[in-house]
Amino acid sequence: MTTWNKGPLLGFDTETTGVDVHHDRIVTAALVRRDADGATVRTWLIDPGVPIPEAASAIHGISTEHAREHGVAPAGALTEIAEAIAQAMRDGVPVVAYNASFDLCLLEAELERHRLPTVSDRLGGALVPVIDPLVLDRAEDRYRKGKRKLIDLCGVYQVVDTGQLHTADVDVVATLDVLERIVDRFPHLGELPLAELHDYQVTAHRAWAEAFNTWRTQQGYDGEGAVTAWPVPATPQTLSGAPAVSTPSPRTPSAAEVGHLAAPAHPAPPEGRPIQDTLIA
């Protein structure tokens, strides 16, 4: 049986200045289109226009000085990324991202910050179809113990040739490989039409987020917890904190906050921070 898992698929990943979708910036991005004929890779190195905290640089290896010297201006790169994603969705090609809500919400916020049409604007509606291996793994193997970072799922699903993770293009390839192995293990996912698979993830993420928020409350944690909408809120609440590029936020994430870039995905105590802080692979 031929399924959507055979492609084409468009993988997407970013490396960033931090974990706050309202204020942080994209430093590198990658799009990998995979189909039966192979893969096509596009990458961007962006000067985010703000200092890159040392803790973030330690994760992805890009310093402020390197980004300023070699990176491109954000507006052009963001336009190219957004249009490529929007065109894939227009064509019915699923966009695959690990912890998709983080990368897509941050992309939408960046586009709004630079007064560019968001992906939603370009589509005239919702971002569909999206596939998130993290959401699928949580739903299909709910009671498995252990962390659920991308590197952990590479171990669980025996994706061994992962290269240097925390490089956007390498992370995308690993994400696509993990997705393939998930579908091999849970073949009913590959048999679902893409629209049904997207809706399945919406429901699965909401169930997980509500359970996670209940657990947070029981543990006495403060903060907003997990956003129940997936992959992005139906209303632009995620973008409301994004200042226009002419008045950038003076806030710089602390080392402790950015350190959550490497934190366990599920279900680490969030210490009062939004769930995005605990989900980055």
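In this chain, numbering begins with 1 at the start of the sequence shown. Quantities reported herein were computed from a predicted structural model and do not represent experimental measurements.
Using a distance-only test at 3.5 Å, with no hydrogens or angles considered, a donor-acceptor pair links the side chain of N213 to the main chain of A209. In this structure, H114 contributes its side chain and T79 its backbone to no donor-acceptor pair below 3.5 Å. D177 contributes no side-chain N or O that, together with a main-chain N or O of A174, makes up a donor-acceptor pair within less than 3.5 Å. The main-chain N or O of W230 is never found under 3.5 Å from a side-chain atom of S101 such that the two would form a donor-acceptor pair. In this structure a side-chain-to-backbone donor-acceptor pair under 3.5 Å is present from D47 to G49. Using a distance-only test at 3.5 Å, with no hydrogens or angles considered, a donor-acceptor pair links the side chain of E108 to the main chain of V119. Judged purely by atom type and a 3.5 angstrom limit, D169 has no side-chain atom pairing as donor or acceptor with the backbone of A30. Not a single donor-acceptor pair under 3.5 Å links the side chain of R33 to the backbone N or O of L9. When atom types are taken as modelled, the side chain of E15 and the backbone of I26 share no donor-acceptor pair closer than 3.5 angstrom. Checked by atom type and distance alone, the side chain of D103 never pairs as donor or acceptor with a backbone atom of D13 at under 3.5 Å.
Between R122 and R90 there is a side-chain heavy-atom pair separated by less than 4.5 Å. No side-chain heavy atom of T214 sits under 4.5 Å from any side-chain heavy atom of T217. For the pair C105 and P233, the minimum side-chain heavy-atom distance is below 4.5 Å. Using a 4.5 Å heavy-atom cutoff, the side chains of T43 and T28 are not in contact.
Under a hydrophobic-cluster definition in which Ile, Leu, Val, Met, Phe, Trp and Tyr are linked whenever side-chain heavy atoms come within less than 4.5 Å, directly or via other members, V32 and V27 are assigned to different clusters. At a threshold of 4.5 Å between side-chain heavy atoms, the hydrophobic network of Ile, Leu, Val, Met, Phe, Trp and Tyr places V159 and V156 in one connected group. L107 and I52 fall into different hydrophobic clusters, where Ile, Leu, Val, Met, Phe, Trp and Tyr side chains are chained together by heavy-atom contacts under 4.5 Å. In terms of hydrophobic clustering, with Ile, Leu, Val, Met, Phe, Trp and Tyr side chains grouped at heavy-atom distances under 4.5 Å, L194 and V183 are assigned to a common cluster. By the rule that hydrophobic residues join a cluster once side-chain heavy atoms approach within less than 4.5 Å of another member, V95 and L123 end up as members of one cluster.
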Evaluate the criterion salt bridge (charged side-chain N to carboxylate O under 4.0 Å, His left out) for residue pair E65 and R68; output intermediate values, then yes/no. CA-CA 5 Å; E65 293 72 24; R68 286 174 177 170; 5.3 Å; no
Evaluate the criterion side chain to side chain contact (heavy atoms under 4.5 Å, CB included) for residue pair L10 and L31; output intermediate values, then yes/no. CA-CA 7 Å; L10 184 67; L31 290 170; 4.0 Å; yes
Can you list the steps and then say if Q219 with R216 is a side chain to side chain donor-acceptor pair (under 3.5 Å)? CA-CA 5 Å; Q219 297 299 312; R216 280 172 50 90; over 6 Å; no
Test side chain to side chain contact (heavy atoms under 4.5 Å, CB included) on R34 and E180 and set out the steps. CA-CA 12 Å; R34 179 184 285 183; E180 182 176 8; 4.2 Å; yes
For Y98 and V172, what are the C-alpha separation, side-chain angles and deciding distance, and is it a side chain to side chain contact (heavy atoms under 4.5 Å, CB included)? CA-CA 8 Å; Y98 193 87; V172 174; over 6 Å; no
Could you walk me through whether I131 and W4 pass the side chain to side chain contact (heavy atoms under 4.5 Å, CB included) check? CA-CA 11 Å; I131 302 176; W4 56 262; 3.5 Å; yes
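In this structure, A139 and A204 approach most closely via the heavy-atom pair CB-CB, 3.8 Å. The minimum heavy-atom distance linking H205 with T228 is given by the pair CD2-O, 3.3 Å. In terms of heavy-atom proximity, L179 sits nearest to P133 at CB-CG, 4.0 Å. Across all non-hydrogen atoms, the minimal contact from H60 to I62 is ND1-N, 3.1 Å. Across every non-hydrogen atom of H198 and V130, the tightest pair is ND1-N, 3.1 Å. Residues V178 and L150 come closest through the heavy atom pair CG2-CD1, 4.2 Å.
Judged by distance alone, the side chains of H188 and E140 do bring a donor and an acceptor atom under 3.5 Å apart. Side-chain polar atoms of D137 and Y157 form a donor-acceptor pair below 3.5 angstrom.
With sequence neighbours left out, the salt bridge (Lys or Arg N to Asp or Glu O under 4.0 Å) criterion links E80 to R42. Legend: residues meeting side chain to side chain donor-acceptor pair (under 3.5 Å) with T40, ordered by chain and number and at least two apart, are absent.
Enclosure of atom CD in E54 is not indicated, since only 12 or fewer non-hydrogen atoms of other residues, nucleotides or ligands lie within 6.0 angstrom.
Of the residues K145, R138, R144, the one that meets the salt bridge (charged side-chain N to carboxylate O under 4.0 Å, His left out) test with D141 is R144. When the options T17, T16, T14 are evaluated for a side chain to side chain donor-acceptor pair (under 3.5 Å) with D24, the one that passes is T17.
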